[in-house]
Amino acid sequence: MQAPVELLNLLDAQVGLPHGGLPAALATAYGGELGFTEPCVYANFVASLDGVVALGPQYPSSGSAISGGAPADRFVMGLLRAFADVVLIGAGTLRTSPGHRWTPEHICPAAAADFAQLRRSRGRTAGPELAVVTASGDVPAGHPGLEAGALVLTTKAGARLLDERLPATCTVVALGEGPVLRMADVLRTIGDRGHTMVLSEGGPRLFGHLVRDRLADELFLTLSPVVAGRADTSRPGLVTGLELLPSRRESAELVGVRRSGSYLFLRYRLDHRGQPGSTP
């Protein structure tokens with residue numbers, strides 16, 4: 001690595017987790033191995049102690065405010081992107097992240113060479129493809145993430161709105177008349193492009209749809225040692241736009257715990273079997 005990366009300490013990990021053959025520098029920084037059973041849809045979030053994952057649309061890049069820009073969190077974000085074929089986000093995440101690029105090296109430049117080595121060893125392209133979900137077609141056409149090339153998944157009405165507005169590097173796919181998109185159709189379209197590793201980075205509404213349809217396999221959750229506070233409902237938690245309990249119970253199994261200072265890095269495997277009393 002070009003510069004030191006704050007190391008994570010492994011506190012607990014389930015026996016038998018898959019290994020991904022991390023380069024030595026990445027394994028040292030992460031506190032051990034990391035791997036996935038493919039295909040895999042996995043999500044990554046940072047949350048405050050009181051469960052806030054976004055500060056509201058008036059606060060751009062609020063995830064950085066919640067994490068405090070912690071080097072260890074940025075490293076984990078980069079590492080998870082390095083495993084991905086696709087980084088999947090909602091249009092709201094795109095709008096509230098001006099100037100961002102969803103690549104490993106953008107979020108953690110110090111480990112760029114090691115991320116690239118990992119991708120080469122796994123037969124991946126130079127960087128993950130960005131996939132943006134927008135039923136309405138309301139996306140900032142000049143965003144650098146789109147200028148670099150992206151897959152935009154929308155409705156027929158959204159596709160008409162986007163016609164000739166996006167950079168030529170983008171591919172627009174209409175998945176129905178709308179007004180909403182089915183996440184199964186979104187993931188099927190991504191899979192048809194040969195992608196098996198899908199990383200969801202938000203927002204909480206998109207992740208809620210994945211949980212609702214039992215399409216998310218794993219969750220990586222950074223617990224930041226900060227209290228965000230809420231005055232109203234504009235500061236969502238991990239899932240928004242969806243109520244589960246008490247009628248439906250979606251559970252998860254904790255399979256890994258790491259620590260860096262007062263930050264905890266939790267890895268969960270989501271249980272698709274449901275629980276007694278859950279709805280199909």
Side-chain angles (χ1 to χ4, degrees), residues 39-45 53-54 56-57 60-63 77 80-81 83-103 106 127-163 165-167 169-220 236-242 270:
C40 187
V41 178
Y42 58 112
N44 183 36
F45 282 89
V53 303
S61 304
S62 60
M77 290 177 68
L80 294 176
R81 289 178 183 180
F83 273 92
D85 295 315
V86 170
V87 178
L88 177 66
I89 62 171
T93 299
L94 186 74
R95 289 191 295 269
T96 58
S97 304
H100 195 75
R101 294 180 186 270
W102 282 264
T103 64
H106 180 90
E129 183 173 30
L130 177 66
V132 181
V133 177
T134 170
S136 68
D138 179 15
V139 297
H143 194 289
L146 297 182
E147 292 175 351
L151 174 67
V152 181
L153 302 152
T154 186
T155 60
K156 290 185 177 179
R160 288 192 292 269
L161 180 64
L162 291 168
D163 186 36
R165 289 185 56 238
L166 295 180
T169 50
C170 290
T171 300
V172 178
V173 179
L175 296 178
E177 295 290 349
V180 297
L181 296 174
R182 295 179 65 250
M183 290 309 301
D185 293 337
V186 168
L187 293 179
R188 186 178 303 111
T189 301
I190 290 172
D192 288 345
R193 295 169 71 85
H195 300 321
T196 61
M197 293 292 293
V198 181
L199 168 61
S200 173
E201 288 196 4
R205 188 174 298 274
L206 187 149
F207 182 63
H209 291 167
L210 291 172
V211 171
R212 178 196 63 196
D213 297 337
R214 293 181 180 151
L215 296 171
D217 300 306
E218 296 200 24
L219 167 66
F220 289 79
L238 193 62
V239 167
T240 192
L242 172 68
L270 302 182

Separation of Arg193 CZ from Glu129 CD (nearest 0.5 Å) | 4.0 Å
Are any of the side-chain heavy atoms of Tyr42 and Val198 separated by less than 4.5 Å?
-> no
What's the spacing between Trp102 CH2 and Leu130 CG if we round to 0.5 Å?
-> 6.0 Å
Flag side-chain contact, heavy atom, 4.5 Å: Leu215 against Val41 = no
Hey, is Asp185 close enough to Arg188 for a salt bridge, meaning N to O under 4.0 Å?
-> yes
Gly203 backbone acceptor or donor facing Thr93 side chain under 3.5 Å = yes
Quick one: CE on Met183 to NE2 on His209, what's the gap to the nearest 0.5 Å?
-> 8.0 Å
Side-chain contact, heavy-atom cut-off 4.5 Å: Leu181 with Thr155?
-> yes
Atom CD of Glu218 and atom SG of Cys40: how far apart are they, to the nearest 0.5 Å?
-> 4.5 Å
Can you see which heavy atom on Pro236 is nearest to which on Thr240, and at what distance?
-> CB-CB, 4.1 Å
So Leu199 and Asp85, side-chain contact (heavy atoms from CB on, under 4.5 Å) or not? Walk me through it.
-> CA-CA 8 Å; Leu199 168 61; Asp85 295 315; over 6 Å; no
Are Leu175 and Thr154 side-chain neighbours, meaning at least one heavy-atom pair lies under 4.5 Å?
-> no
Yes or no on side-chain contact (heavy atoms from CB on, under 4.5 Å) for Leu187 and Leu210, after CA distance, side-chain angles and deciding distance?
-> CA-CA 10 Å; Leu187 293 179; Leu210 291 172; 4.1 Å; yes
Below 4.5 Å, heavy atoms only, C-beta onward: do Val172 and Leu166 meet side chain to side chain?
-> yes
Out of curiosity, Ile190 CD1 to Met197 CE, how far, rounded to the nearest 0.5 Å?
-> 13.0 Å
What is the minimum heavy-atom distance between Pro204 and Val53, and which atoms define it?
-> CG-CG2, 4.1 Å
Got a second to check how far Leu219's CG is from Ser200's OG, nearest 0.5 Å?
-> 9.5 Å
Non-hydrogen atoms of Pro128 and Ala84 that approach each other most closely = CB-O, 3.4 Å
Glu201 backbone acceptor or donor facing Asn44 side chain under 3.5 Å = no
Can you name the side-chain contact (heavy atoms from CB on, under 4.5 Å) partners of Pro39, sequence neighbours left out?
-> Thr196
Side-chain atoms of residues 134-153: list all donor-acceptor pairs with protein atoms under 3.5 Å, sequence neighbours left out, distances to 0.1 Å.
residue: Thr134; atom: OG1; partner: Gly137; partner atom: N; Å: 2.8
residue: Thr134; atom: OG1; partner: Asp138; partner atom: N; Å: 3.3
residue: Ser136; atom: OG; partner: Asp138; partner atom: N; Å: 3.2
residue: His143; atom: ND1; partner: Gly145; partner atom: N; Å: 2.8
residue: His143; atom: NE2; partner: Leu94; partner atom: O; Å: 3.4
residue: His143; atom: NE2; partner: Ser97; partner atom: O; Å: 2.7

Under a 4.5 Å cut-off applied to non-hydrogen side-chain atoms, are Leu238 and Phe45 in contact?
-> yes
Shortest non-hydrogen contact between Arg101 and Arg81, atoms and distance = O-NH1, 3.3 Å
Would you say Leu162 and Arg165 make side-chain contact, with heavy atoms under 4.5 Å?
-> yes
